[in-house]
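Here is the structure we will look at, set down as structure tokens.
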2 protein chains.
Amino acid sequence: MSLQVVAIRDAREAPIPLSQPGLSSLFDRQPLERFDAGSAVFWEGDDAAHLFQVTAGILRAVRLLSDGRRIIVGFLRPGDLLGVSLKDRYLYTVEAITPVALRRLSRRRFEEEIRRQPQLRDQLFSRLCDEMTAAQDQTVLLSRRSADEKVANFLLMMSRDEFGNCTRIVDIPMTRLDMADYLGMTIETVSRTITKLTNSGIITATGRRSMMVLKMDALRSLADGDNGETGCCQRVRDMPPHRDGLTVWKSA
Amino acid sequence: MSLQVVAIRDAREAPIPLSQPGLSSLFDRQPLERFDAGSAVFWEGDDAAHLFQVTAGILRAVRLLSDGRRIIVGFLRPGDLLGVSLKDRYLYTVEAITPVALRRLSRRRFEEEIRRQPQLRDQLFSRLCDEMTAAQDQTVLLSRRSADEKVANFLLMMSRDEFGNCTRIVDIPMTRLDMADYLGMTIETVSRTITKLTNSGIITATGRRSMMVLKMDALRSLADGDNGETGCCQRVRDMPPHRDGLTVWKSA
DNA sequence: CGATATTGTAACAATTTGTAACTGCGCTTT
DNA sequence: AAAGCGCAGTTACAAATTGTTACAATATCG
């Protein structure tokens, strides 16, 4: 999905000299690799020898504390790149939530191409910036939001299609545990909160792992917090429209 | 401090053709600007027209939710860059905690130079990667750590000198409120936790805003969690040594 | 169709927060 | 220099939220 968006951008308004190939073009020729739901693509600490592009399916990026506490640092969707790194080891484990199809590229090759094609570097940089913004929004979410707000935000995030629009039917491929470990709460609290939302008539279950949003506005105002400017839902991750200024520090 | 480290790196083992100027060289010629403690360098939502390099003092990067909840996204120290952005508005407010000295550069000029000097782009990219790693560590800290662990981590972070070594004397220029808004807790809990650490003989107050670590190991094991590999303190931010693999996603 | 895993519910416990009074330090004022 | 003020920080106690534990209900998979 992100893939499509960028491809479109490349073709149309090419911010680079000519309409040159995007980052995803590096993977186009690579064979598809499939992973079963639950299997790991790579492990935290592994040699970071490859990069992957998600073609189909959903994955989770997991970190573990030594005492077993689990943190899901993010979910990956089609079009997302994983394994980009300047370091030599993966920082987290990536596991398939649904069956997944990926294309693999060696890191050596990737870096060569990045070096050769400056516009790819620009794209990579831009992507990193977006990632950074998302990470900060996640920080805000985790540090100062109640269980209700967290879940509302999560549901809104999941309700977005590839263009950032909110759909009423929401598919939730991950388990409650995944949600909990992403939002920094327990499955029980997640469960309670969803029950509460259902009882208030804001959402309704349409299946075990899918639901419908009945009152989108109510859900938005629950998720609300700092979105005075956009008026729209909280920017948790992966929200193309209305992203505003990332600001990085760390000097030279 | 980061500034020095990089300068040294440039001079010695130059990962780039010759020993070319670092990012900070862009700011060297700019005049010093001073800000009083408590004053803002820029505001969330402002036009992101300039970049700044911290020469002296400590600052905080603050975001506000509409209902007044405050989140400190990070603290900035000498050598840190602020205002790097691909977007056109600052994402957060930056305020001086202590009196501060900065050098300012227009964004236009910065981007020109980045475009002209590829090795600067490399440095910027590398810095972004570090930032990303730090942001993820912060995510872990906020989502799955108890008050004790958070405060222990914070104190260890503050106890690091410019080379990443832990000093016994810790200076804490920020208020309890700043700490609380950074760690996602209340001032009372911060205070109670520090008292607890003092009563356990792990730290001792040496002044209103400074303390001494009496049992560094105990503090480390409190802060502990996922540091099996490094054996060292939690990587919260700004820890030069032993940083391991950042892995970014978000495709092309 | 039965075994297993996931999810939901509820009572109870632990942690964290909220409230509010109080201390101590630094500053101004007299 | 002493008194008075204000602010940051601390502490005690009550309240709320979230986490724990246990068990029932439901789906999923072989």
Tell me: [atom1] of [X] to [atom2] of [N], nearest whole Å?
X       : N       : atom1 : atom2 : value
R144(B) : dT18(D) : CZ    : C1'   : 11 Å
D36(A)  : dT28(D) : CG    : P     : 18 Å
I187(A) : dG19(D) : CD1   : P     : 11 Å
M185(A) : dT16(C) : CE    : C1'   : 16 Å
L177(B) : dT10(D) : CG    : C1'   : 15 Å
K196(A) : dA10(C) : NZ    : C1'   : 15 Å
I97(B)  : dA8(D)  : CD1   : P     : 13 Å
D178(A) : dA5(C)  : CG    : C1'   : 14 Å

**Message:** Using heavy-atom distances to pick each residue's nearest nucleotide on DNA chain D, tell me which of R208(A) and T175(B) is more 5'.
**Reply:** T175(B)

Short N-O contact, [X] and [Y], less than 4.0 angstrom:
X       : Y       : result
K196(A) : D148(A) : yes
K215(B) : D217(B) : no
D181(A) : R144(B) : yes

Among [options], the nucleotide that comes nearest once only the side chain of [X] is considered:
X       : options                   : answer
A147(A) : dA22(D), dT7(C), dT18(D)  : dT18(D)
E188(A) : dT28(D), dA20(C), dA22(D) : dA22(D)
T195(A) : dT7(C), dT20(D), dG8(C)   : dG8(C)
T186(A) : dG19(D), dA10(C), dG8(C)  : dG19(D)

Have a look at [X] and say if it touches a base, only the backbone sugar-phosphate, or nothing, with a 4.0 Å heavy-atom cut-off.
X       : result
R176(A) : sugar-phosphate
S191(A) : base
G184(B) : sugar-phosphate

**Short side-chain N/O contact to dT18(D) OP1/OP2 from T189(A), under 4.0 Å** = no

**Message:** Can you see if the side chain of R209(B) gets near the phosphate of dG9(D) - specifically, an N or O under 4.0 Å from OP1 or OP2?
**Reply:** yes

**Asked** Between T206(B) and S210(B), is any side-chain donor less than 3.5 angstrom from a side-chain acceptor?
**Response** yes

**Item:** Pair T189(B)-T186(B), side-chain donor/acceptor within less than 3.5 Å
**Value:** yes

**No-H, no-angle donor-acceptor pair, R192(A) side chain to dG19(D) base, under 3.5 Å** = yes

